[in-house]
A.B. asks: 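Below is the structure I would like to discuss, written out as structure tokens.
Per chain, numbering begins at 1; letters A, B, ... match sequence-line order.
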Amino acid sequence: MMRSDQTEPTPSGRSTAGSPTKQPGRSKAVKPRRAHPPIWWWSRICLYGLMAVMSIPFVFPTAWMFLSSFKPQAELFRKPPALLPEHWVLEPYINAITTQPFLQQYWNSVYIATLVTLGTLLFSSMAGYAFARIRFPGANFLFMVVLVGMMIPAEVTIVPLYRAANALHLVDTHVPLIVIPMLGAPSVLATFIMRQFFLGLPGELEEAGRLDGLGRVGIFARIALPLSKPALSAVAIITFLKSWNLYLEPLVFVSTKAKFTLPVGLTQYQDSYGELQWNTQLAATTMTVIPVLLVFLFAQRQFVQGLAQTGLKG
Amino acid sequence: MAPTANPAPVRRADARRTGATRKPRRNAMRRREALTGYLFITPQLAGAIGLVIIPLVVVFYYSLHDWNALSSSFTFVGAGNYTKLLADPSFADSLVASAWFSIGLVTLNIVLALALAVLLNQRLPGTTLFRTFFFSPVIVSLVAWSIVWSFLLQFDGGINGFLSAVGIQGPNWLRTGPTAMLSVIVVQVFKNVGLNMILFLAALQSVPLELREAARIDGARAWRVFRSITLPLISPTLLLVSIITVIGSLEVFAQIAVLTGGGPGNSTTVLVFFLYQKAFRYHQFGYASAVGVVLFVIVLLLTLAQFQTRRRWVHDEV
């Protein structure tokens with residue numbers, strides 16, 4: 001990035017970031033050439049310190065949850081609090097699974113989020129592609145109609161949707177939890193992202209496909225879709241997390257414990273006196289959080305870059 | 001962001017090549033093309049109409065009726081629900097709570113997201129690790145995150161435990177008015193700030209380095225460079241992020257339900273929570289629908305206002 005050595009090192013240290021050979025010590029060879037090496041080093045240490053301190057509220061709760069889930073109930077609220085359990089126990093985990101159909105709820109969440117994600121990927125890429133690439137009368141108006149969903153919080157329409165589900169005997173089934181996020185207001189953002197992406201795709205590629213004798217569907221499926229992996233992965237992430245986090249809808253539409261999704265199930269760990277079973281709840285929470293977190297850690301490059309690239313840049 | 005569908009350039013080139021001599025065939029192709037277009041958008045459009053627009057109209061209709069689901073009474077009352085809302089002190093409370101929550105959340109979230117993005121954009125070795133840290137709560141299930149924080153914020157919970165270790169008696173965070181709202185806001189900020197941070201980071205990285213270097217050579221200090229060069233260049237992202245965050249802040253529900261249950265008193269009963277209580281606890285569907293309409297109008301006005309101010313502070317719409 002830097003072309004000359006004379007440029008002043010920035011206080012942020014960016015200008016020297018490209019020279020990994022620089023030793024962290026007080027190398028005397030460097031010292032006379034740089035105007036303010038001590039400041040530069042201090043700012044670097046300060047930046048690391050700042051980031052480390054800032055990390056605490058982001059990382060500590062998850063760590064605390066994990067460690068506390070192995071504590072017996074009596075140790076949870078001990079003062080002063082100890083980070084590690086004195087006695088490691090697995091009871092909370094056993095209780096989490098046995099006092100509630102937790103595994104069933106887990107499966108519900110997984111399969112609902114997967115279906116919603118797959119459906120959203122298909123429908124939003126189709127609609128996004130058509131709005132970006134295919135010319136048909138009324139396209140602008142129809143796009144506006146779809147876009148309305150982006151301005152309506154899903155909560156606004158929950159009463160009519162509940163009544164409709166009731167009339168169709170779909171209350172206490174998973175159908176509303178799948179269909180509404182897949183095609184309703186929450187899916188509009190996905191269509192918007194896909195359309196933005198397809199707008200930026202060079203037309204020559206499609207032209208080549210057309211010359212090869214592909215029709216619209218062929219161009220979409222064989223050329224446009226394979227090229228849109230960054231956008232698709234961003235949509236997949238956003239959609240999966242949204243469905244995974246959905247709380248109001250399952251609370252409203254589902255009433256049987258075995259049909260709950262995880263977010264609702266997690267709030268149900270109370271003993272017969274209505275007292276919260278904290279360590280049981282934390283164990284269930286840990287089982288909910290850790291697998292997704294692990295997937296994220298392994299796939300985080302695609303994760304973050306997909307989100308950033310699609311960039312929601314407008 | 002302008003919702004104009006792009007007339008595909010491919011089609012134009014196609015039309016030129018086939019020329020006017022093959023008009024019937026061209027028309028047939030165009031019709032088929034249009035048909036494909038309609039077919040492609042059908043599922044999404046059906047969803048938008050059936051699951052968004054019709055329900056929205058129905059909410060308006062419901063809101064004009066006194067409708068108690070338990071007694072299954074359904075009578076037209078005109079603006080009755082709205083006048084009742086105006087006179088309802090708990091509705092006023094919920095408006096205030098929503099306003100506080102949104103203002104606090106949006107301000108904290110945007111400032112922190114921007115600050116973290118600037119920190120990460122220094123590209124020190126190892127920043128990927130910190131990026132992972134800051135982003136990780138986004139991946140944690142919302143209810144799980146709220147549960148863990150409610151555990152930490154209990155009167156005898158972790159945070160007060162650590163505070164008492166250094167000799168401070170912490171408040172009962174979730175059970176006293178001001179700290180309850182503060183807690184809910186802060187918990188939500190840490191949960192989702194990573195998402196905005198990533199969007200800002202991507203925007204920051206697209207700011208040409210030469211511009212900043214040039215300003216620096218002209219003698220501008222770091223803050224001045226940030227204010228006069230970086231900020232204007234990332235303003236489109238700033239606009240979009242703030243719109244998404246504002247709308248998101250009005251939709252807050254699960255955190256409230258888990259952390260405070262709307263209390264103490266009504267101090268954290270935000271609009272959506274109020275709506276939920278009226279509809280699904282007290283079965284006042286008509287009244288709840290009126291709340292829904294109010295929520296819709298607020299979101300609409302805020303979105304329009306943000307677009308209106310766009311010209312003043314957004315440097316260059318992409």
A.B. asks: With a 4.5 angstrom heavy-atom cut-off, is it the side chain or the backbone of A:Leu241 that approaches chain B, or both, or neither?
C.D. replies: side chain
A.B. asks: Please flag which part of B:Leu271 lies under 4.5 Å from any non-hydrogen atom of chain A: side chain, backbone, both or neither.
C.D. replies: neither
A.B. asks: Looking only at the aromatic ring of each residue, does the gap between the centers of B:Tyr276 and B:Phe253 stay below 6.0 angstrom?
C.D. replies: yes
A.B. asks: May I ask you to name which of B:Ala165, B:Ser289, B:Pro137 has the most heavy-atom pairs under 4.5 Å with chain A?
C.D. replies: B:Pro137
A.B. asks: Can you give me the closest heavy-atom contact between A:Ala190 and A:Thr120, atom names plus distance?
C.D. replies: CB-CG2, 3.7 Å
A.B. asks: Using a cut-off of under 4.5 Å for heavy-atom pairs, which of B:Leu250, B:Leu152, B:Ile247 has the most such pairs with chain A?
C.D. replies: B:Leu152
A.B. asks: Picking from B:Val52, B:Ile139, B:Ile53, which has the most non-hydrogen pairs under 4.5 angstrom with chain A?
C.D. replies: B:Ile139
A.B. asks: Please state whether the side chain, the backbone, both or neither of A:Ala52 comes within less than 4.5 Å of a heavy atom of chain B.
C.D. replies: both
A.B. asks: Checking B:Gln154 against chain A: side chain, backbone, both or neither under 4.5 Å from a heavy atom?
C.D. replies: side chain
A.B. asks: For A:Asn279 and B:Phe151: C-alpha separation, side-chain torsions, deciding distance, then whether side-chain contact (heavy atoms from CB on, under 4.5 Å) applies.
C.D. replies: CA-CA 10 Å; A:Asn279 57 354; B:Phe151 170 58; over 6 Å; no
A.B. asks: Can you tell which part of B:Ile54 gets under 4.5 Å to a heavy atom of chain A, answering side chain, backbone, both or neither?
C.D. replies: neither
A.B. asks: Using a cut-off of under 4.5 Å on heavy-atom pairs, state which of A:Pro153, A:Gly184, A:Ser125 scores highest against chain B.
C.D. replies: A:Pro153
A.B. asks: Using a cut-off of under 4.5 Å for heavy-atom pairs, which of A:Val145, A:Leu297, A:Val148 has the most such pairs with chain B?
C.D. replies: A:Val145
A.B. asks: Let me know if B:Val187 has heavy atoms under 4.5 Å from chain A in its side chain, its backbone, both or neither.
C.D. replies: neither
A.B. asks: Measure B:Ala279 against the heavy atoms of chain A and call it side chain, backbone, both or neither at under 4.5 Å.
C.D. replies: side chain
A.B. asks: Where does B:Phe134 contact chain A at under 4.5 Å (heavy atoms): side chain, backbone, both or neither?
C.D. replies: both
A.B. asks: Side chain, backbone, both or neither: which part of A:Leu282 has a heavy atom under 4.5 Å from chain B?
C.D. replies: side chain
A.B. asks: Should the pair B:Tyr62 and B:Trp67 be assigned to parallel (<30°), tilted (30 to 60°) or perpendicular (>60°) ring geometry?
C.D. replies: perpendicular
A.B. asks: Which answer fits A:Leu76, side chain, backbone, both or neither, if we ask what part of it has an atom under 4.5 Å from a heavy atom of chain B?
C.D. replies: both
A.B. asks: Looking at B:Thr303, B:Leu112, B:Thr132, which has the largest count of heavy-atom pairs under 4.5 Å with chain A?
C.D. replies: B:Thr132
A.B. asks: Using non-hydrogen atoms and a 4.5 Å limit, figure out which bit of B:Val59 sits close to chain A: side chain, backbone, both or neither.
C.D. replies: both
A.B. asks: To the nearest 0.5 Å, what is the distance between CD1 (A:Ile152) and CG (B:Leu51)?
C.D. replies: 11.5 Å
A.B. asks: Under 4.5 Å heavy-atom distance to chain B, tell me which part of A:Phe77 shows up: side chain, backbone, both or neither.
C.D. replies: both
A.B. asks: Which one of B:Gly47, B:Ala48, B:Pro55 has the most heavy-atom pairs closer than 4.5 Å to chain A?
C.D. replies: B:Pro55
A.B. asks: Give a yes/no verdict on a cation-pi contact between A:Arg195 and A:Tyr129, requiring under 6.0 Å between NZ or CZ and the six-membered ring centre and an angle within 45° of the axis.
C.D. replies: no
A.B. asks: Is it the side chain or the backbone of A:Phe240 that comes within 4.5 Å of chain B heavy atoms, both, or neither?
C.D. replies: neither
A.B. asks: Let's test your reading of the structure: which of A:Gly149, A:Pro61, A:Pro263 forms the most heavy-atom pairs below 4.5 Å with chain B?
C.D. replies: A:Pro61
A.B. asks: For the atom pair CD1 (A:Ile134) and CD1 (A:Ile219), what is the distance rounded to the nearest 0.5 Å?
C.D. replies: 9.0 Å
A.B. asks: So for A:Thr288, is it side chain, backbone, both, or neither that comes closer than 4.5 Å to the heavy atoms of chain B?
C.D. replies: side chain
A.B. asks: With rounding to the nearest 0.5 Å, note down the distance linking CE in A:Met287 to CG in A:Leu266.
C.D. replies: 9.0 Å
A.B. asks: Give a yes or no on whether the backbone of B:His283 and the side-chain of B:Lys278 come within a donor-acceptor separation of less than 3.5 Å.
C.D. replies: no
A.B. asks: Between A:Glu204 and A:Arg210, does at least one N-O distance fall below 4.0 Å, as a salt bridge requires?
C.D. replies: no
A.B. asks: Identify which part of B:Ser150 has an atom lying under 4.5 Å from any heavy atom of chain A, answering side chain, backbone, both or neither.
C.D. replies: both
A.B. asks: Is B:Leu56 in contact with chain A via its backbone, its side chain, both, or neither, using a 4.5 Å heavy-atom distance?
C.D. replies: both
A.B. asks: Please flag which part of A:Val146 lies under 4.5 Å from any non-hydrogen atom of chain B: side chain, backbone, both or neither.
C.D. replies: both
A.B. asks: Using 30° and 60° as the class limits, which term best fits the ring planes of B:Phe280 and A:Tyr162: parallel, tilted or perpendicular?
C.D. replies: perpendicular
A.B. asks: If I measure from the heavy atoms of chain A, does B:Ala257 come under 4.5 Å with its side chain, its backbone, both, or neither?
C.D. replies: side chain
A.B. asks: Quick check: does any side chain N or O of B:Lys191 sit under 3.5 Å from a backbone N or O of B:Val140, one acting as donor and the other as acceptor?
C.D. replies: yes
A.B. asks: Looking only at the side chains, is there a donor atom on one of B:Ser146 and B:Gln255 sitting less than 3.5 Å from an acceptor on the other?
C.D. replies: no
A.B. asks: Give a yes-or-no answer on whether the side chains of B:Thr127 and B:Gln122 include a donor-acceptor pair shorter than 3.5 Å.
C.D. replies: no
A.B. asks: Need one label for A:Ser68: side chain, backbone, both or neither, based on atoms under 4.5 Å from any heavy atom in chain B.
C.D. replies: side chain
A.B. asks: Within this structure, what is the CG-OH distance for the pair B:Leu142 and A:Tyr247, rounded to the nearest 0.5 Å?
C.D. replies: 9.5 Å
A.B. asks: Is the backbone N or O of A:Pro176 less than 3.5 Å from a side-chain atom of A:Glu249, with the two atoms forming a donor-acceptor pair by type?
C.D. replies: no
A.B. asks: To the closest 0.5 Å, what do you measure between CH2 (B:Trp145) and OG1 (A:Thr285)?
C.D. replies: 12.5 Å
A.B. asks: So what's closer than 4.5 Å to chain A heavy atoms on B:Arg131: side chain, backbone, both or neither?
C.D. replies: side chain
A.B. asks: Where does A:Glu155 contact chain B at under 4.5 Å (heavy atoms): side chain, backbone, both or neither?
C.D. replies: both
A.B. asks: Sort A:Val252 into side chain, backbone, both or neither according to what part of it lies under 4.5 angstrom from a heavy atom of chain B.
C.D. replies: side chain
A.B. asks: Which bit of B:Phe162 comes within less than 4.5 Å of chain A, counting heavy atoms only: side chain, backbone, both or neither?
C.D. replies: both
A.B. asks: Please round to the nearest 0.5 Å and tell me the distance separating atom CZ of B:Phe190 and atom OG of B:Ser136.
C.D. replies: 12.0 Å
A.B. asks: Checking A:Val292 against chain B: side chain, backbone, both or neither under 4.5 Å from a heavy atom?
C.D. replies: both
A.B. asks: Check the pair B:Val143 / A:Leu262 against side-chain contact (heavy atoms from CB on, under 4.5 Å), numbers first and verdict last.
C.D. replies: CA-CA 9 Å; B:Val143 166; A:Leu262 283 173; over 6 Å; no
A.B. asks: Between B:Leu39 and chain A, which part of the residue has a heavy atom less than 4.5 Å away: side chain, backbone, both or neither?
C.D. replies: backbone
A.B. asks: Check whether A:Phe60 gets within reach of chain B through its side chain, its backbone, both or neither, counting any heavy atom under 4.5 Å.
C.D. replies: side chain
A.B. asks: Which one, B:Leu129, B:Val58, B:Thr42, B:Leu45, leads in non-hydrogen pairs under 4.5 Å with chain A?
C.D. replies: B:Leu45
A.B. asks: Under a 4.5 Å cutoff for heavy-atom pairs, which residue among A:Val59, A:Thr286, A:Val264 has the most contacts with chain B?
C.D. replies: A:Val59
A.B. asks: For the interface with chain B, which of A:Arg163, A:Gln281, A:Met182 has the highest count of heavy-atom pairs at distances below 4.5 Å?
C.D. replies: A:Arg163
A.B. asks: Suppose we call two aromatic rings close when their centres sit under 6.0 Å apart. Are A:Phe131 and B:Phe40 close by that rule?
C.D. replies: no
A.B. asks: What part of A:Val179 lies closer than 4.5 angstrom to a heavy atom of chain B: side chain, backbone, both or neither?
C.D. replies: both
